[in-house]
2 protein chains.
Amino acid sequence: MARDIQERIKRLIIDRRLPSGAPLPTEPELMELLGVSRNSVREALKALQAMGIVEIRHGFGTYVGPMSMAPMIEGLTFRTVAGHYRGEDSLLQLLELREAVETGLIARLAGRVPETDLAELDAIVARMRTEAAAGGVRAETDRAFHATLHRGLDNLLLSEVLEAFWDAFHRVRTDLVPALADPETTVRQHEEIVAAVREGDGPRAERAVRHHFDNIRHRLRSSGDR
Amino acid sequence: MARDIQERIKRLIIDRRLPSGAPLPTEPELMELLGVSRNSVREALKALQAMGIVEIRHGFGTYVGPMSMAPMIEGLTFRTVAGHYRGEDSLLQLLELREAVETGLIARLAGRVPETDLAELDAIVARMRTEAAAGGVRAETDRAFHATLHRGLDNLLLSEVLEAFWDAFHRVRTDLVPALADPETTVRQHEEIVAAVREGDGPRAERAVRHHFDNIRHRLRSSGDR
DNA sequence: TAGCTCAGTTGGTTAGAGCAGCTGACTCTT
DNA sequence: AAGAGTCAGCTGCTCTAACCAACTGAGCTA
């Protein structure tokens with residue numbers, strides 16, 4: 001039955017064509033509308049909130065959620081952390097997921113990234129160089145690099161999924177690994193990726209991305225041995 | 001605070017190294033353990049259930065969930081359906097997500113699929129041919145084809161993600177599109193994919209996959225015009 | 001011994017009360 | 001008259017207490 005309530009709220013959103021951010025009925029209204037107790041309404045809303053379908057603001061109201069990939073990040077992160085502590089190489093699997101998808105997509109990107117994005121990538125790499133000299137590349141900078149690169153894919157859903165994978169990996173890594181970094185190599189590899197993409201050289205770009213991931217994987221392995 | 005309860009239950013799973021299927025404390029136990037009311041415990045569990053972290057069996061108990069991609073499928077499906085009804089081309093975006101990832105991976109697969117899997121793929125394609133002659137290819141058969149193909153990636157997480165994308169797309173498509181099928185072409189394209197992978201011809205495999213998706217996209221476009 | 005029944009455990013649902021955060025209109029001060 | 005402070009009213013949040021429903025397993029019955 002709890003399942004049923006969730007479905008009815010979902011249908012309500014779909015039937016009324018509610019966009020992200022639109023207000024949903026209040027809890028008392030939903031009670032009457034669905035004919036169930038307040039508790040059941042709340043449990044259904046909590047579940048929908050966990051899936052990002054609904055957004056609840058205390059003292060304000062309930063709204064249609066952003067439908068982002070945040071729940072997926074949450075789920076992937078937990079799955080990976082739990083697996084790691086049980087002795088599985090789940091972090092490596094997550095890294096390989098990213099590697100497989102990103103190396104597969106980079107050829108598609110080569111030569112198709114607009115000049116404005118390339119300039120932005122140059123700026124990000126320059127920032128990386130500064131940060132590397134100052135001790136280490138900030139995570140936010142690396143994230144911006146990948147996000148800008150994937151913008152050229154011209155598919156919001158795809159970009160969000162890739163960002164979700166990055167976020168999950170990053171969150172798990174910072175939790176589990178004491179951040180063995182090799183800033184110099186990291187910067188050079190990002191440079192190489194931009195250069196290859198700029199020239200439209202697909203195979204070279206693919207090699208560059210693969211090297212980048214090889215680097216991360218190697219550092220993971222050497223620090224993660226139990 | 002609700003957020004806090006969820007975190008504490010998650011930590012409980014991680015700290016105790018609980019594997020999928022392990023029993024969790026009962027609701028009254030969690031009440032005492034966390035020092036909150038039953039209501040709050042239940043709302044937290046509902047949210048965790050929605051994320052697949054926890055599995056609740058009425059009259060039996062609460063258990064660590066399967067950590068599958070099911071919640072992601074759920075979320076993607078809803079996001080896509082809701083977007084569709086609001087006039088976005090979300091279904092096309094979802095298809096392109098699959099296309100981008102699968103064309104990127106097929107080269108990686110060419111020549112690396114073990115003979116046993118290739119034989120299984122042959123059998124599946126044969127079944128497709130039978131079904132095509134009988135009216136149309138069953139969805140389950142197409143799903144089996146992709147699942148078997150991706151098994152060769154040797155990464156459970158990656159396979160699950162790809163299956164999740166397939167499931168989400170299929171669920172949305174059957175809901176929204178009256179299933180314009182061209183069984184003949186579909187069978188031929190699957191045959192071509194297997195042939196290319198068997199020969200280890202990466203570029204040819206990539207072309208074959210792309211043609212397959214072109215075919216689906218074309219059918220979508222021609223039937224989805226509003 | 002095989003099957004049934006029933007008590008006990010677990011989660012599911014309802015009800016009602018009070019707490020807490022936010023908004024907006026009203027009032028008081030300047 | 002304009003601004004800041006206050007308070008009434010919405011909203012969601014938490015708690016308590018009771019009962020319903022599904023499942024298990026021990027004990028009873030045939």
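Throughout, a chain's letter reflects where its sequence line sits, starting with A, and its residues are numbered from 1.
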Checklist line | Selected nucleotide, minimal atom distance to B:Ala2 side chain, candidates D:dG12, D:dT14, D:dA22 | finding: D:dT14
Checklist line | Flag, side chain of B:Arg86 to backbone of A:Leu18, donor-acceptor distance under 3.5 Å | finding: yes
Margin query: For a quick test of reading the model, state the closest non-hydrogen atom pair linking A:Gly83 to A:Ser90 and the distance between them.
Written below: C-OG, 3.6 Å
Note to self: For a quick test of reading the model, state the closest non-hydrogen atom pair linking B:Gly52 to B:Pro71 and the distance between them.
What the structure shows: N-CG, 3.7 Å
Next item on the list: Taking all non-hydrogen atoms of both residues into account, name the closest pair between B:Gly135 and B:Pro183 and its distance.
Entry: O-CG, 4.0 Å
Checklist line | Salt bridge A:Lys46-A:Glu43, side-chain N to carboxylate O under 4.0 Å | finding: no
Note to self: Check whether A:Asn155 reaches the backbone of A:Leu158 with its side chain - one donor and one acceptor, N or O, closer than 3.5 Å.
What the structure shows: yes
Next item on the list: Quickly work out the B:Tyr63 OH to C:dT10 P distance and round it to whole Å.
Entry: 10 Å
Item checked: N-O pairing of A:Glu140 and A:Arg138 below 4.0 Å -> no
Checklist line | Rounded distance in Å - CD (A:Gln6) to P (C:dT13) | finding: 11 Å
Note to self: Is the phosphate of C:dT9 approached by B:Thr26 (side-chain N or O, under 4.0 Å from OP1 or OP2)?
What the structure shows: no
Notebook entry, point to check: Which whole-number value in Å describes the distance from B:Ile56 CD1 to C:dT13 P?
Noted result: 10 Å
Note to self: Whole angstroms only, please: what is the CD-P distance between B:Glu32 and C:dT10?
What the structure shows: 13 Å
Next item on the list: Look only at the side chain of B:His170 and the backbone of B:Trp166, and say whether a donor-acceptor pair between them is shorter than 3.5 Å.
Entry: no
Margin query: Output the rounded distance in Å from CZ (A:Arg3) to P (C:dG12).
Written below: 13 Å
Please list each protein N or O that sits under 3.5 Å from an N or O in nucleotides 4-6 of chain C, with the distance.
none

Note to self: Starting the side chain at C-beta, find the nucleotide from D:dT14, D:dA21, D:dG12 nearest to B:His58.
What the structure shows: D:dA21
Margin query: With a 4.0 Å cutoff (strictly under), does any side-chain N or O of A:Thr62 reach OP1 or OP2 of D:dT11?
Written below: no
Next item on the list: Among the candidates C:dG11, D:dC15, C:dT14, find the nucleotide nearest to the side-chain atoms of B:Met1.
Entry: D:dC15
Close N or O pairs between protein and nucleotides 16-18 of chain D (under 3.5 Å):
residue : atom : partner : partner atom : Å
D:dT16  : O4   : B:Asn39 : ND2          : 3.2

Notebook entry, point to check: Quick one: does NZ or CZ of A:Arg98 land under 6.0 Å from the six-membered ring centre of A:Phe213, within 45 degrees of the ring axis?
Noted result: no
Margin query: Rounded to whole Å, how long is the line connecting atom CZ of A:Arg42 with atom C1' of C:dG12?
Written below: 16 Å
Checklist line | Residue whose nearest DNA chain C nucleotide is more 5′ - A:Gly35 or B:Leu24 | finding: B:Leu24
Next item on the list: Check the distance between C:dG12's P and B:Lys46's NZ and give it to me in whole angstrom.
Entry: 5 Å
Next item on the list: Salt-bridge test for A:Glu74 and A:Arg171: reply yes if a basic N is under 4.0 Å from a carboxylate O, no otherwise.
Entry: yes
Checklist line | B:Gly59 vs A:Ser40, nearer the 5' end of DNA chain C by closest nucleotide | finding: B:Gly59
Notebook entry, point to check: Could you state the CD-P distance from B:Glu27 to D:dA21, rounded to the nearest angstrom?
Noted result: 17 Å
Check: Which nucleotide in the set D:dG12, D:dT14, D:dT24 lies at the smallest distance from any side-chain heavy atom of B:Phe60?
Finding: D:dT24
Next item on the list: For B:Arg57, answer base if it contacts any base atom (sugar-phosphate contacts may also be present), sugar-phosphate if it contacts only those atoms, and nothing otherwise; contact means non-hydrogen atoms under 4.0 Å.
Entry: sugar-phosphate
